Amino acid sequence: MTALRGSQPAVTCFGPARYSVEIREIGLPTIREDEVLLEVVNVGVCGSDLHMWLGDQSWTVPYPLVLGHEFSGIIRQCGSRVADRWQPGDRVVSETAAIIDPDSPLTRIGLYNLDPSRRGFGGHTDGSMTRLVAVPQRILHRVPAAVSMEEAALTEPCCVAYNAAVRNARIEPGDRVLILGPGPIGILCAAMARMQGAFVAIAGLPRDQVRLRIAKQYDCETLTENIEQWAFDGGPDGLGVDGVIDTTGVSASLQTAMKVVRPNGWISKVGWGPQPCDFSLDPIVLKNVRLQGSFSHHWSIWERVLQLVNSGRLNVKPIIGGVWPLDQWREAFETMHGGSIVKSVLQAN
Ligand SMILES: [Zn+2]
């Protein structure tokens, strides 16, 4: 492939200090034979982008790093080995696993999200908050015609929620499930748990009123207090909820989860944060509770989520709080961080 000349603006995190993000010019990508050149259309802002902007993320970031991993786009060039499958003009979404070891034992069983050498767009390798990105064809999915590019950019958080609420939880119809945290992942977990046939409540803080109001559109109850009342008095036997999905990223919320889960129940933990815990984990033993982590997603989840969105069974539009051009990324970040919307989306081209 001939190398493209020139540069493009990219939302770049350049250091660990708070607010170390700015637009920087970066070189244009060159694609390999198994990659496509993607013209980014929309990029969702993730909680993890906000964490890097605030300098309080849980992992080591290789600075400088272009942010963004929730993106839809249009193929502009195809590498020689993928031209039979993809064509310029195709509308696609990309997964986040930019770099994996194809021979790792986890990749070989389809769980490349758990391959220790995986490096994700916008977290460990340059991401999509720019105009053109080289993407391996193995992580591309077609966007159904009825799905807008803005909606398609939300496929990634939907897949995080699907993994946490479907694959890594054990919801049966009629279960009572409590979701902790009304951010994008929490609300989407509520949507997934409803689709599984559970009775769902989502809990937040008093300042989360706007997000909780949006969560209500997914046919779940919303709580700012009285969590224990819903968990114990709201059920048939006062023993607690069947499952808790913790999306908060605050370690202390595990204490709430352990308290309200019933004996032989489960906790699916998808939010993560670096704070140590200063409480006993004994309730997990005493109640015989399954504590299950949930990380990222993989190919089969993406295909299902796109069908759910395409069919209308999963409506992501209430999650989108606004669309900003790339150069107004700061306003998009601040508005989302302020909690007056659930998610910001950037328009890259
Ligand atoms: Zn994300």
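Values reported hereafter were calculated over all heavy atoms of this structure, with side chains retained and with hydrogens, waters and symmetry mates removed. Predicted model, so just to flag it, every value in this text is computed and none were measured. If you read the sequence from its start, that first residue is 1, and numbering goes on from there. Atoms within each ligand, like the ligands themselves, are counted from 1 in listed order.
Between the SG atom of Cys46 and the NE2 atom of His69, the angle taken at the Zn ion (ligand 1) works out to 100° after rounding to 10°.
Cation-pi check for Arg176 over Trp230 is met; the charged atom lies under 6.0 angstrom from the ring centroid and within 45 degrees of its normal.
In this pair, Trp299 and His141 present their aromatic rings tilted. The plane angle is within the 30 to 60° band.
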Before you tell me yes or no, could you show the steps for His297 and Glu156 under side-chain hydrogen bond (donor to acceptor under 3.5 Å, both in side chains), namely the whole-Å CA-CA distance, both residues' side-chain angles and the distance that decides it to 0.1 Å?
CA-CA 8 Å; His297 35 64; Glu156 198 271 343; 2.8 Å; yes
Using the rule given for side-chain hydrogen bond (donor to acceptor under 3.5 Å, both in side chains), can you reason through Trp86 versus Gln137, listing the C-alpha separation, both sets of side-chain angles and the distance that settles it, and then say yes or no?
CA-CA 8 Å; Trp86 303 101; Gln137 73 94 23; 3.0 Å; yes
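The atom of Glu70 that is an N, O or S and sits closest to the Zn ion (ligand 1) is OE2.
For a distance bound of 2.8 Å, the N, O or S atoms of Glu156 include one lying that close to the Zn ion (ligand 1).
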